[in-house]
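Structure first, then comments.
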Amino acid sequence: MINIKTKLPGNKSQHILKKLKRYAGCYCHVYPFIHSHKGKGCYFQDIDNNTFLDFASQIATLPLGYNHPNLLKVLKKYNSTPIKYAGSDFLVEESLNLMEELATITPKGMNADFLVNSGAEAVENCIKIATRSRPNSKFAISFEGSFHGRTTGSLSLTKSKKLYSKNYLKIPTKTLPFNDSAADELKKIIKKSSAKEVGFVILEHVQGEGGYRIASKYMVKTVRKICSHNNIPYIADEVQSGMGRTGKWWAFQNFNITPDIFSTAKALQVGAAVSSGKNFPEPGALGSTWGGGSVLDMAMGLEIIKTIKRNNLLSKNKAHGDYLTRQLAQLDIKNPRNLGLMVAFDLSSHKEQLRIAKSCFKNGLIVLPAGLNSIRLIPPYIVTKREINEAMSVIERVLKAS
Ligand SMILES: Cc1ncc(COP(=O)(O)O)c(C=O)c1O
C-alpha cells in the first residue's frame, strides 16, 4: 500500500538532491526523491521510507517490478568481475542465450540481432542496417510527434519536442503526419524525389513520449504497402512498446504487419537492432565496446522473457490494460485509451497535465506525462486489479481537487 510519511522530498532525499544539483550537468529533477533500492512488485521505498506505487515502471524498463524473485536468483549468480565485457570482440555465452531466446519471440525470419546498450543505440544501428545497401539515400522519413532517442542520428528522427534538438546537427529528414493521410504524403515525397533517395521510414506504432498516440490500422497498412512496393526499408521502433507491453510481443503485431528491421531495449535490459540476417552489413560494419557486454543485463533480459512466457503476462497485460482504461472512462477526463498495458488519458492543458502528475506524486503514485497534455500509465506487467484500484483512487482524488 502507498504510505507517504514525510513531506516530499523527505530530509534525506533533500540532502542528496541539493548535492546532486551542484555536480550533475543539465540537472532536471522531475521526481524529487532518492530511491532506496528497496521495494517489492509495483511498490518501492525512497530513502526517507516513503512507499510509492509505481505506474511508470522506470519508464517501461521494469516489466517485473521491483525485486522479482526470478531476477534476484539471476543476480546471485553473478558474484565475480568483470560484469561488463567488451562484448563485440570478447565473446560471452550470455549473448548467445539471449539472442536464442529472442529468436523465439521475433517474427519468422527476423532472427539476427546486434546487441547494444540503450534504445537510442538500437535505433542508430537500425539506421545503419537500413542504409548500408542504399548508397543513393539522401534523407530519412519519420512521423510528427515521434521520439526515437537523443543521440544525434536518432534525434534527427525525433519530432516530439523542439527542446531536444534545437541547434544540434542532424541527418536530413522529412516528416509524415501521424494519421490516415501519411501514405498520400509519402507517395508525394517519392514522386518529387525518388524512392532510392529515401533511406528508410521509421515509426512507433504507439507513440511513446509523443503522447501515447496509437497509429490507425489504415495508416500502418498503407504506409507499409508503399514501402514494400518501393523497396524502402520499414523500421519499427519498439523500444518502449515492445517486449509484450501491448499484449503482443511487438506492437506492430497488433497491426498484422512485419517490419524489415526493428529496435528494442528498455524491458529487454539491453538494446537490440533486429532483422533478418541477410539485411545486416558485412562483419565489422557495426560495433560497440560494451555492445550487449553487460552479462548481468543480458541474463536479466533472458529471464524476463522466460518469466513473461511462463506467467502468461501477455494476456494479463491486455486484460489489465483494458480494465484500467474502463475505470478511467468513468472519470471526467478526455480520450482514455490503451493498447494492452500502454494506457493514457488527456487533460485540458499542459499546465493541468503537470499539475496532475505532480499531485499524483505527492499522493504516492508515480505516473509520467507524455506529449503536451497526456498522462501515461505503464505499471509493471505483474500489476494486480487491487493495485489498479489503488492507483485509480489517487487519480480520482487529484482530479477532484482541481
Ligand atoms: C520509442 C523510443 N525510442 C527510443 C528511445 C531511446 O531510448 P534510450 O533512452 O534507452 O536511449 C525511447 C526512450 O524513451 C523510446 O521511447
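Being a predicted model, the structure only gives us computed values, none of them experimental. All ligand and atom numbering here is 1-based and tracks the order in the structure.
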Report task. For atom 16 (O) of ligand 1, find the nearest protein heavy atom and state the residue, atom name and distance (0.1 Å precision). Result -> Q240 NE2, 2.8 Å

Report summary line: Under 4.0 Å between heavy atoms, the region of E209 that gets near ligand 1 turns out to be neither

Report task. Measure from the ring center of F262 to the ring center of F252 and say whether it is less than 6.0 Å. Result -> yes

Query raised in the report: Should we say atom OH of Y27 is surrounded by more than 12 heavy atoms from elsewhere, each under 6.0 Å from it?
Result: yes

Query - For D237, the ligand 1 atoms whose distance to one of its heavy atoms is below 4.0 Å - result: 1 (C), 2 (C), 3 (N), 4 (C)

Query raised in the report: Side chain, backbone, both or neither: which part of H148 has a heavy atom under 4.0 Å from ligand 1?
Result: backbone

Query raised in the report: Less than 4.0 Å between a side-chain N and a carboxylate O, is that true for D260 and R224?
Result: yes

For residues 70-86, dump all side-chain donor-acceptor pairs below 3.5 Å to protein atoms at least two apart in sequence or in another chain.
{"from": "N70", "atom 1": "ND2", "to": "E303", "atom 2": "OE2", "distance (Å)": "3.4"}
{"from": "N70", "atom 1": "ND2", "to": "T307", "atom 2": "OG1", "distance (Å)": "3.0"}
{"from": "Y78", "atom 1": "OH", "to": "E94", "atom 2": "OE2", "distance (Å)": "2.5"}

Query raised in the report: Hey, which atoms in ligand 1 end up nearer than 4.0 Å to a heavy atom of K266?
Result: 13 (C), 14 (O), 16 (O)

Report task. Report the nearest protein non-hydrogen atom to atom 7 (O) of ligand 1: residue, atom name, distance rounded to 0.1 Å. Result -> G119 CA, 3.3 Å

Report summary line: The atoms of ligand 1 lying under 4.0 Å from a heavy atom of E204, numbered in the order shown, are 1 (C)

**Report entry** Salt-bridge contact K400-E396 (side-chain N to carboxylate O under 4.0 Å)
**Finding:** yes

Query raised in the report: For atom 9 (O) of ligand 1, is the nearest protein heavy atom closer than 4.0 Å?
Result: no

Query - Carboxylate-amine/guanidinium contact R326 D322, below 4.0 Å - result: no

**Report entry** Numbered atoms of ligand 1 (with element) below 4.0 Å of G149, judged on heavy atoms
**Finding:** 4 (C), 6 (C)

Requested in this report: Determine the sole option in K334, R376, R337, R213 for which the salt bridge (Lys or Arg N to Asp or Glu O under 4.0 Å) test with D346 is passed.
Outcome: R337

Query raised in the report: Taking non-hydrogen atoms only, is A120 closer than 4.0 angstrom to ligand 1 via side chain, backbone, both or neither?
Result: both

